[in-house]
Amino acid sequence: MALRNIVTNEDPILKKVCRPVGEVTPRIQMILDDMVETMRDANGVGLAAPQVGIMRRMFVAEPEPEKVYCFVDPEIVSFEGEQESTEGCLSVPGFVGKVMRPEKIVIRGRDRYGKEKEFTFEGFEAVVMCHEYDHLEGILYTDKASEVFPAEQADPDAAEEQDE
Ligand code: NI
């Protein structure tokens, strides 16, 4: 495995819509493994392929330690409710912002082995998955945030300010 460079928000590729992955080949698996390693190295809870310069529809997430998800060609098939989250992004270093997200989602996609999977996520996990999914559509949280501010001004009691 290898660490990959994380591109930041001045790079226009983060604004582009990613193409489907298709078959989960050994090369795709290697990229997913590298993304997990890169996400962990950066202390993030999620990382989407375009953040490492790969314009394909896949992301990894670890909303809780050792609970790793890989999504290939995911679709959010339903969502309900609303919550306000405070989010950061590994591609927008030093900032956080307040974003409205669904409270609960159902997401379907393939895993690292190409197997079809469907999950229901609520709360913080739903936030992470929606944030990563947006990256595949060329959307950053800063495009949706009601406010964006330097991370050091964030409320220290807010537990959810993790980079995605
Ligand atoms: Ni992000």
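Atoms within each ligand, like the ligands themselves, are counted from 1 in listed order. We number each residue from 1, following the sequence as shown.
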*Trace of the side chain to side chain donor-acceptor pair (under 3.5 Å) decision for T25 with E23*: CA-CA 6 Å; T25 61; E23 190 191 345; over 6 Å; no
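Side-chain atoms of E132 and P74, non-hydrogen and from C-beta on, never get closer than 4.5 Å to each other.
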Please tabulate, for side-chain N and O atoms in residues 27-37, each donor-acceptor pair with protein atoms closer than 3.5 Å (sequence neighbours left out).
from : atom 1 : to   : atom 2 : distance (Å)
Q29  : NE2    : R112 : O      : 2.7
D33  : OD1    : R112 : NE     : 2.8
D33  : OD2    : R112 : NH2    : 2.8
D34  : OD1    : A2   : N      : 2.8
D34  : OD2    : R4   : NE     : 2.9
D34  : OD2    : R4   : NH2    : 2.9
E37  : OE1    : A2   : N      : 3.1

Extract all donor-acceptor atom pairs below 3.5 Å that involve side chains of residues 11-18 and protein atoms in other chains or at least two apart in sequence.
from : atom 1 : to   : atom 2 : distance (Å)
D11  : OD1    : I13  : N      : 3.0
K15  : NZ     : D143 : OD1    : 2.8
K15  : NZ     : D143 : OD2    : 3.3

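Only protein atoms were considered; those of element N, O or S under 2.8 Å from the Ni ion (ligand 1) number 4.
Under the salt bridge (charged side-chain N to carboxylate O under 4.0 Å, His left out) criterion, R40 pairs with E62, E66, not counting sequence neighbours.
Under the 30°/60° scheme for interplanar angles, the aromatic rings of Y69 and F119 are found to stand perpendicular.
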